[in-house]
Amino acid sequence: MSDLLQQPINPRFIEALPADPIAANYPRQVHGACYSRVETKAPSHPEMIHYSQVLLEEWGLNIADQEEFLRVVSGAKPYQDFSPYAMCYGGHQFGHWAGQLGDGRAINIADILIYNQPMQLQLKGSGPTPYSRTADGFAVLRSSIREYLCSEAMHHLGIPTTRALSLVKTGDLVMRDMLYNGNPAQEQGAVVCRTAPSFIRFGSFQIFASRGETEVLRQLVDHTIEQHFPHLGTPSKETYLAFFQEVVTRTKDMIVHWQRVGFVHGVMNTDNLSILGLTIDYGPYGWLEDYNPSWTPNTTDAQQSRYRFGNQPNIAVWNLMQLANALYPLIDEAEPLQEILDGYKDAYLTDYHQMMCAKIGLDQTEKVEETIITRLTQLLGQSEQDITLFFRELSAIDSSDWTAFWQMLERTSYMKAHEMTPLHTQWESWHASYRDLLLAENQESNVRRKKMNTVNPKYVLRNYMAQLAIDAAEQGDYTLVNELYQMLRQPYNEQPQYEKWYTKRPEWARHKVGCSMLSCSS
């Protein structure tokens, strides 16, 4: 194995695209440039909390010098002689154009090659950039733990995502107003080193289209295709359309995965949508406990609920429409872009139907009427079913045994048994239809269970679990961070040693800060 810190530099982004001509690091509007060169801020007393040996093994790399590694991923020392930079982009926030946003607290410290493929190392929380606006560019321990654990959890769930390489406590204090309610307090600072082939977002293209900087837009699109979609060929109008089609498909696939496991991003602004179809920017995310399509984990979105679980597919296509508008200057024809967007709905509904059939163990999806799925989701909501437990338990019971099915519903609901009684007849009717479909397929129960357990995780990063790890870490105890990290590596396996985490959210966590809703500073 070779050393992570000795990998070949991949300078294509900084060589192919225009840089900010101003070297000084102060908040400003940056025009005609894709990035600004900045320096990371060295922390006072960096301490390694955790790093991903799993990710290193996937890359076929090791760490030859732990102290040197700590210095690099804490921002205390550059990666080789690489000049760090922050990226310029804009975006729609909560449906409104916000203009320039950019990497306000993220700095790319290395663009390298892994197995001859591009990979970026980015520090989140390592100091201000020209895009920080009124913020300080730092991050706190609680949000850093949440990003570190969740991005790795999502990867092992089989969901496209950025990855987390390391989690470092800085030894410095950071002032934050956790709930945006006028009560700021000092918190422990931290830095996450996150990785992805690229951190380019929808908003990366929007900013140049909005300013009429068409040549920079073209350079960025051409670079993106060359580096990350080379199979599409030489840039041209047809290539740009094929590029947009692939982004639409990747985004749709990601959303289907989110719906499969009950993940709610919480802040699906266009600057938080990856051009590669990766889950990116883990802020006020959350996991559905009881099935509630109207739930959002974001306090900022509490009234509008724009980014609620059930609206994620619609928001994705709205964001894709903004991307289409940004690409329009290069294509100069709206109809083919609209045709691609129109294809999103049918493709999503088809994939969603197949995904839900897989969750309930049905193979012959063409024979499953849409009403079966619709009735199921309605009943899941009405009976406050814990969706992780419900789908996992469904695989284990005899599908012909109504009594066992009803007892399972009582176990996996957040309602009391007597509150479930009015839904008895409706559930019995649904169960009869479901039983008939299973009988018609004549599957062996063990085969069905194994298949269902490959799409229905036993363990997800419930909000209260992350908060418990945060509470302990703030007292200097990182045991839970490591325990959850290890458990979430194999979310579909039984892992009896972690059985205590296979349970409904405890009542004390229903409304506790950090366990139910969070702010964008979380």
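This is a predicted model, so every value here is computed, not measured.
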Are a donor atom and an acceptor atom from the side chains of Q312 and Q259 found within less than 3.5 Å of each other?
yes
What I want to check is whether the side chains of Y282 and K124 have a donor and an acceptor closer together than 3.5 Å.
no
Would you say CD of E444 has more than 12 non-hydrogen atoms from neighbouring residues, nucleotides or ligands within 6.0 angstrom?
no
Does the plane of the ring in Y464 sit parallel, tilted or perpendicular to the ring in W508? Use 30° and 60° as the thresholds.
perpendicular
Distance alone, cut at 3.5 Å: any donor-acceptor contact between the side chains of H50 and Y485?
no
W501 and Q495 side chains, donor-acceptor separation under 3.5 Å:
no
Which pairs with one or both residues in residues 371-381 pass salt bridge (Lys or Arg N to Asp or Glu O under 4.0 Å), sequence neighbours excluded?
none
I'd like to check the salt bridge (Lys or Arg N to Asp or Glu O under 4.0 Å) partners of R250; sequence neighbours left out, ordered by chain and number.
E246
Ignoring hydrogens and angles, state whether a donor on the side chain of Q66 or Y51 is under 3.5 Å from an acceptor on the partner side chain.
yes
Within the 3.5 Å criterion, strictly below it, is a donor on E410 or W406 matched to an acceptor on the partner's side chain?
yes
Sorted by chain and number, sequence neighbours left out, salt bridge (Lys or Arg N to Asp or Glu O under 4.0 Å) with D290 holds for none
Heavy atoms only: give me the nearest C150-Y285 pair and the separation to one decimal.
CB-OH, 3.3 Å
Taking the inter-plane angle between the rings of Y344 and Y348 on a 0 to 90° scale, is it parallel (under 30°), tilted (30 to 60°) or perpendicular (over 60°)?
parallel
Cut-off 3.5 Å, side chains only: do T300 and N298 have a donor facing an acceptor?
yes
Can Q120 and Q122 be counted as having a side-chain donor-acceptor contact under 3.5 angstrom?
no
Go through the side-chain N and O atoms of D172 and S44 and say whether any donor and acceptor fall under 3.5 Å apart.
yes
Any side-chain donor-acceptor pair under 3.5 Å between N269 and Y307?
yes
Which residue, N453, N456, L157, forms the side chain to side chain contact (heavy atoms under 4.5 Å, CB included) with Y492?
L157
